[in-house]
Protein chains: 2
Amino acid sequence: MSESSADSGAATRTELIAAGRKLFGRRGFDGASIRAITKEAGANLGAVTYHFGSKHGLYSAVLEEGLRPMAARVQAAAASEGTALERMLRIVEAYFEHFQARPDLPHLLLQEVAAGKQPPDVVVDILRGIRETIASLQVEGEADGSVRPGHPTLTALTVVSQPVFLTLVSPLLRVVGPVDLSEPKARRTALEHTLAFVRAGLEPREGSKS
Amino acid sequence: MSESSADSGAATRTELIAAGRKLFGRRGFDGASIRAITKEAGANLGAVTYHFGSKHGLYSAVLEEGLRPMAARVQAAAASEGTALERMLRIVEAYFEHFQARPDLPHLLLQEVAAGKQPPDVVVDILRGIRETIASLQVEGEADGSVRPGHPTLTALTVVSQPVFLTLVSPLLRVVGPVDLSEPKARRTALEHTLAFVRAGLEPREGSKS
DNA sequence: GATTCACTCATACGTTCGTATGAATAGCCT
DNA sequence: AGGCTATTCATACGAACGTATGAGTGAATC
């Protein structure tokens, strides 16, 4: 009974990815054991090897599963209506939303990104796409006058850094500062603060050229 | 022979901390083995246990040794001359410099910070101090008119996020975008971009009150 | 010159890791 | 019903891990 016929395998697969995202994110690749992951997923010890070939296979799958919908959201926001600046702010918002649903993703990504070693090709391709999308919004924004001139790639980084960093640090915020981002009200304040900061950082100065 | 008398122990201690910063930063706590660390430091397998009691002891020492001079730099910049905005920008610069000397520190910190578990008390205390320093600069900046009104703690985060994130991501930038932050010229460009962005994000709009 | 002390070193122990293996189980087709 | 295929499960294996232990070493003290 319970989950019946055709998806008995797919369900385990999904559970393993969710458990992997959680534990890889919290403990790192080496810190999260297959035994802990399969236990969290309610699966057998052999399930990771069976479904993903190896621990690294699961890791890549977790990364891809987290990144791909994020990239899709970024593309959607970039293709929406409004000035380039407005669309960039929409990207910031999309990040916040995506990370709220998957709070372990930022750490997972940075763990991969900052390790010095090069991430799997899938990850690099996706990240490259996101960078290009935001960078061309910067170029477009200079043309339509909604964004101040600047280095496209660095702007993309700066914009992305805000939601990523805030999500990363949020568990510590409760301890280090009097802010608890698990409360909806505080989260809204943080989003508004970020949007205002990014907008101010990107917008042309009022008195400058037309 | 070689390093002679009184510091034969202190030298090993220092080497272990440097090796720990490098390997903990690159591979995470669990990914960096005592065997790898002692080998990197040119020390014996037992050296970590002898000098720091345990692997966790070394880890705490590494964190403290990296954070304490950073906090000192922040305090110094905050106590320097100029408007509150100028001092905040000086803090950004100080971060960049400190991270250039210790490129593994940001990852090490975030690893600790984002893991969900609470870092050692020493770390929390230092981070709290940094947050308070920047947050009170925000308050001061509102008073002297150099900074636009905003949430002090969130502003502190936003400001710090720039150098941290950029340093974190820099190894990936070579792959994902056409930027190589190991070149001094690119590093200068990145610093200037960041300073301009933070300044624009914090400064009051030109046409506003006062 | 013997003793002491801080430190280094080689080795051993028990645990946990990722993976491999082969037997059980259950839905599906004819 | 009976065999096929996909999945789950219990167990085993060798490697690597953190730590403990005790012997070795060399400069400082008397």
Side-chain angles (χ1 to χ4, degrees), chain A residues 1-63 65 108 111-112 115 117 120, chain B residues 1-63 65 108 111-112 115 117 120:
Chain A
M1 35 200 89
S2 60
E3 58 266 327
S4 57
S5 54
D7 59 36
S8 85
T12 300
R13 221 188 114 94
T14 304
E15 288 296 326
L16 285 173
I17 287 183
R21 182 171 53 239
K22 175 172 170 184
L23 293 178
F24 285 140
R26 278 161 161 60
R27 315 272 322 265
F29 179 80
D30 296 280
S33 68
I34 287 191
R35 285 169 172 82
I37 291 170
T38 49
K39 184 172 181 183
E40 168 86 23
N44 184 266
L45 173 60
V48 167
T49 305
Y50 179 78
H51 285 283
F52 300 95
S54 70
K55 189 183 182 183
H56 265 104
L58 170 62
Y59 189 62
S60 292
V62 166
L63 281 171
E65 195 270 351
L108 185 63
Q111 198 124 18
E112 183 61 24
K117 65 181 191 315
Chain B
M1 31 197 92
S2 60
E3 60 264 330
S4 57
S5 54
D7 59 36
S8 84
T12 300
R13 221 189 114 94
T14 305
E15 288 296 325
L16 285 173
I17 287 184
R21 182 171 54 237
K22 174 172 170 183
L23 294 179
F24 285 140
R26 277 161 161 59
R27 314 273 322 266
F29 179 79
D30 297 280
S33 68
I34 287 192
R35 285 168 172 84
I37 291 169
T38 49
K39 185 173 179 180
E40 167 85 23
N44 184 266
L45 173 60
V48 166
T49 305
Y50 180 78
H51 285 283
F52 301 95
S54 71
K55 189 184 183 183
H56 266 103
L58 170 61
Y59 190 62
S60 292
V62 166
L63 280 171
E65 194 270 350
L108 184 64
Q111 199 123 19
E112 184 60 25
K117 63 183 193 314

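Each chain gets a letter, A, B and so on, in the order the sequences are listed, and its residues count up from 1.
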message: Using the side-chain heavy atoms of A:K55, tell me which of these nucleotides is nearest: D:dC17, C:dC17, D:dA12.
response: C:dC17
- request: Check every atom of D:dT7, C:dT19, C:dT8 against the side chain of A:H51 and return the nucleotide holding the closest atom.
  value: D:dT7
Check whether any side-chain nitrogen or oxygen of [X] sits under 4.0 Å from OP1 or OP2 of [N], and answer yes or no.
X     : N      : answer
B:S33 : D:dC17 : yes
B:T12 : C:dT8  : yes
A:N44 : D:dA10 : yes

In whole angstrom, what separates [X]'s [atom1] from [N]'s [atom2]?
X     : N      : atom1 : atom2 : answer
A:R13 : D:dA6  : CZ    : P     : 15 Å
A:D30 : C:dT16 : CG    : P     : 17 Å
A:I34 : D:dA10 : CD1   : C1'   : 16 Å
A:K39 : C:dG18 : NZ    : C1'   : 18 Å
A:L23 : C:dC17 : CG    : P     : 12 Å
A:R27 : C:dG18 : CZ    : C1'   : 16 Å
A:L45 : C:dA20 : CG    : P     : 12 Å
B:E15 : C:dC7  : CD    : C1'   : 16 Å

field: Pairwise side chain to side chain donor-acceptor pair (under 3.5 Å) hits with a residue in residues 34-46 of chain B, at least two apart
entry: B:K22-B:E40
message: Can you tell me how far apart CZ (A:R21) and CG (A:L108) are? Round to the nearest 0.5 Å.
response: 8.5 Å
statement: Heavy-atom closest pair (A:A61 atom, A:I17 atom, distance to 0.1 Å) is CB-CD1, 4.3 Å
- prompt: Hey, which of these two, A:H56 or B:Y50, hits DNA chain C nearer its 5' end, going by closest nucleotide?
  reply: B:Y50
message: Counting the atoms with a prime plus P, OP1 and OP2 as sugar-phosphate, which does B:A36 contact under 4.0 Å by heavy atoms, base, sugar-phosphate, or nothing?
response: nothing
- request: Please tell me if the side chains of B:V48 and B:Y59 come closer than 4.5 Å, counting only heavy atoms from C-beta onward.
  value: no
query: Hey, does A:L58 have a side-chain heavy atom less than 4.5 Å from the side chain of A:F24?
result: yes
task: For A:R35 and for B:S54, find the nucleotide of DNA chain D with the closest heavy atom, then tell me which residue's nucleotide is more 5'.
output: A:R35
